[in-house]
There are 2 protein chains.
Amino acid sequence: MPDIADKRLSSVDRAYGAIKDMVIAYRFKPGERINEVELAKRLEVSRTPLREALNRLVSEGFLSFIGGRGFFCREFKPREIYELYQLRAVLEVAAARMASEQATDEEVDELERFLDETGPDDGQRTSEEMVALDEAFHNHIMRFARNAEMRNLLNNLNDRIRFFRWIDMDSRRQRTQNEHRNILDAIRCREPERAAALMQGHIGRRLDEITSGIKEGYSRIYLSSAGID
Amino acid sequence: MPDIADKRLSSVDRAYGAIKDMVIAYRFKPGERINEVELAKRLEVSRTPLREALNRLVSEGFLSFIGGRGFFCREFKPREIYELYQLRAVLEVAAARMASEQATDEEVDELERFLDETGPDDGQRTSEEMVALDEAFHNHIMRFARNAEMRNLLNNLNDRIRFFRWIDMDSRRQRTQNEHRNILDAIRCREPERAAALMQGHIGRRLDEITSGIKEGYSRIYLSSAGID
DNA sequence: GGACACTGCATTGTATACAGATTGGAAATT
DNA sequence: AATTTCCAATCTGTATACAATGCAGTGTCC
């Protein structure tokens with residue numbers, strides 16, 4: 001996470017990081033218009049670098065833009081979240097298959113140690129922490145797949161759906177660890193199809209439940225953005 | 001393709017479209033530094049909207065950026081092209097599977113008519129035309145998959161690898177049509193796994209041959225950009 | 001009472017100015 | 001001859017100004 005006040009960074013980078021964090025944390029309401037002058041004042045940059053950062057965030061799917069009207073926090077229609085999850089599943093299933101073929105034994109051992117150290121859940125963790133650990137596991141797998149483009153894309157998707165993963169994390173604390181261990185075992189045994197099938201089950205099975213989860217997500221979004229400002 | 005001179009479009013949009021077309025057509029050499037003042041003059045916009053467009057193109061993978069030094073045409077290392085192809089294969093294999101489950105019978109018929117009308121190759125087509133038809137077929141499949149995020153991503157990937165698809169199109173004019181018909185048949189029969197396997201073969205088999213093709217691609221890039229200006 | 005036009009304010013779109021960083025090349029030094 | 005230093009020209013990074021567009025609130029007309 002880039003420091004917003006770090007003067008070594010360019011104004012564009014500072015604005016970019018700050019706004020992205022704000023979008024991820026739902027400090028903007030979905031569909032809310034972004035006032036450039038006000039935001040520029042808040043971030044202590046001028047509108048020129050601010051708009052460069054906003055343009056980048058539009059390309060990355062965090063904001064939308066309507067000519068003549070300005071920039072908006074992107075909306076999260078249930079269908080869109082569903083599609084993001086679906087793409088994430090496609091990517092991660094492929095990554096599991098590729099990891100089974102390309103991960104080194106050392107990498108597999110390292111990931112197993114990670115699982116040993118971080119689990120099982122003692123019941124004290126927040127949803128945020130659980131998601132972070134979950135993400136870390138999946139990022140390991142993706143690194144084993146040796147494809148930087150896919151890795152960047154997964155990072156982008158994770159940033160965009162993180163909030164909604166909080167919601168359904170509660171219901172599967174226990175199962176997650178076991179499923180992760182099974183996936184890792186398939187990779188260790190060099191069984192791409194089994195790894196892919198397990199990953200498909202691990203992510204894909206939740207797809208149907210997501211639509212309902214989004215409603216709860218929305219209520220939390222409005223709560224949090226109302227409570228902070 | 002947006003008209004560069006269309007004054008109804010904003011300066012940012014005009015610059016964005018023009019630069020993207022230039023990158024796709026390799027009017028910049030890989031790694032070439034982009035002079036903002038000169039490019040702004042050529043496109044008849046000021047540096048402010050130009051830089052907004054350049055920032056968008058960085059996020060979309062068409063350009064790179066180094067703070068303090070400026071914008072550069074992205075380089076195409078063999079490894080990167082390989083990874084883009086690989087991601088494309090992952091996406092399209094998933095799309096074939098999803099299309100088998102979700103395409104309507106009418107859509108399948110429509111795509112079959114498209115194949116009837118555009119093939120077989122009479123030997124008169126250029127590589128560019130062949131790639132355009134190939135892309136159109138694959139875009140149909142992707143539309144059947146009902147995922148806008150994946151569709152956008154595929155469009156982005158196609159724009160970024162189009163040049164290299166010209167190179168290996170020559171060698172497989174005939175086979176392409178047959179493979180397309182087989183894939184469509186699997187979708188029609190609602191056999192997701194067969195569709196996926198055929199798509200995997202159709203795209204994935206070429207992955208190994210790509211690295212060598214890139215060298216030829218590079219020579220064409222330098223020829224074309226030298227010849228036009 | 002409701003629809004519509006008008007007007008002033010707020011906001012975006014773009015050009016330009018200028019400060020600071022970078023680069024390439026000439027001159028000086030080893 | 002090769003390397004380094006320094007300087008001027010060039011280029012990027014950012015702020016600001018102003019024009020153009022959109023928006024909301026008011027009043028008017030039907």
Trainee: Atom OH of Y16(B) and atom P of dG13(C): how far apart are they, to the nearest Å?
Mentor: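 Between P of dG13(C) and OH of Y16(B): 17 Å.
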Trainee: Any base atoms under 4.0 Å from I34(B), or only sugar-phosphate, or nothing? Heavy atoms, all strands.
Mentor: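 Contact class for I34(B): sugar-phosphate only.
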Trainee: To check you understand the geometry: which heavy-atom pair defines the closest contact between F114(A) and A136(A), and what is its length?
Mentor: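 Shortest heavy-atom separation between F114(A) and A136(A) comes out as CZ-CB, 3.6 Å.
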Trainee: Base, sugar-phosphate or nothing for F71(B)? Non-hydrogen atoms, less than 4.0 Å.
Mentor: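 Touches nothing.
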Trainee: Rounded to whole Å, how long is the line connecting atom NZ of K41(B) with atom P of dC11(D)?
Mentor: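 Value for this atom pair: 10 Å.
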Trainee: Relative to each other, are the rings of F164(B) and Y26(B) parallel, tilted or perpendicular (30° and 60° limits)?
Mentor: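 Because their plane-to-plane angle is over 60°, the rings of F164(B) and Y26(B) count as perpendicular.
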Trainee: OP1 or OP2 of dT14(D) versus the side-chain N and O atoms of S11(A): is any pair under 4.0 Å?
Mentor: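 S11(A) to dT14(D) OP1/OP2: side-chain N or O found under 4.0 Å.
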Trainee: Going by heavy atoms closer than 4.0 Å, what residues in residues 49-60 of chain A are next to DNA chain C?
Mentor: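 When residues 49-60 of chain A is checked for heavy atoms under 4.0 Å from DNA chain C, the hits, listed by number, are R51(A).
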Trainee: Please state how far atom CZ in R47(B) lies from atom P in dA15(D), giving the value in whole angstrom units.
Mentor: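 Going from CZ in R47(B) over to P in dA15(D) covers 14 Å.
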Trainee: Please report, rounded to the nearest Å, how far the P atom of dG22(D) is from the CZ atom of R69(A).
Mentor: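 My rounded result for the distance is 10 Å.
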Trainee: Quick check: on DNA chain D, is the nucleotide nearest R33(A) upstream (toward 5') of the one nearest E36(B), or the reverse? Name the residue that is more 5'.
Mentor: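 Closer to the 5' end of DNA chain D: E36(B).
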Trainee: Using ring-ring contact (aromatic ring centres under 6.0 Å, His included), reason through H140(A) and H180(A) one step at a time and then give a plain yes or no.
Mentor: CA-CA 11 Å; H140(A) 269 97; H180(A) 282 182; over 10 Å; no
Trainee: So which heavy atom on F72(B) is nearest to which on G31(B), and how close?
Mentor: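 Looking at all heavy atoms of both residues, the shortest contact is CD2-O, 3.6 Å.
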Trainee: If you take all heavy atoms of F163(B) and I24(B), which pair is closest and at what distance?
Mentor: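 Scanning both residues completely, I find the closest heavy atoms to be CD1-O, 4.2 Å.
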Trainee: Whole Å only: how far is the CD1 atom of I66(B) from the C1' atom of dC11(D)?
Mentor: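 Rounded to whole Å, this separation is 14 Å.
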Trainee: Would you mind classifying the nucleic acid contact of T48(B) as base, sugar-phosphate or nothing, using non-hydrogen atoms under 4.0 angstrom?
Mentor: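 Answer is base: heavy atoms of T48(B) come under 4.0 Å of a base.
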Trainee: Side-chain N or O of S46(A) less than 4.0 angstrom from OP1 or OP2 on dT14(D)?
Mentor: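 No, no such contact exists.
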Trainee: Answer yes or no: is there a donor N or O on one side and an acceptor on the other, between the side chain of D134(A) and the main chain of M130(A), under 3.5 Å?
Mentor: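 The answer is no, because no donor-acceptor pair under 3.5 Å joins these two groups.
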Trainee: Write down the distance between CG (N35(A)) and P (dG13(C)), rounded to a whole number of angstrom.
Mentor: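 Rounded to whole Å, this separation is 12 Å.
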Trainee: Test the R74(B)-F76(B) pair against the cation-pi criterion, namely NZ or CZ under 6.0 angstrom from the six-membered ring centroid and within 45° of the ring axis.
Mentor: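 Yes, R74(B) sits over the ring of F76(B).
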Trainee: In whole Å, I'd like the distance from the CD atom of E44(A) to the P atom of dT16(D).
Mentor: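 Roughly 13 Å, once rounded to whole Å.
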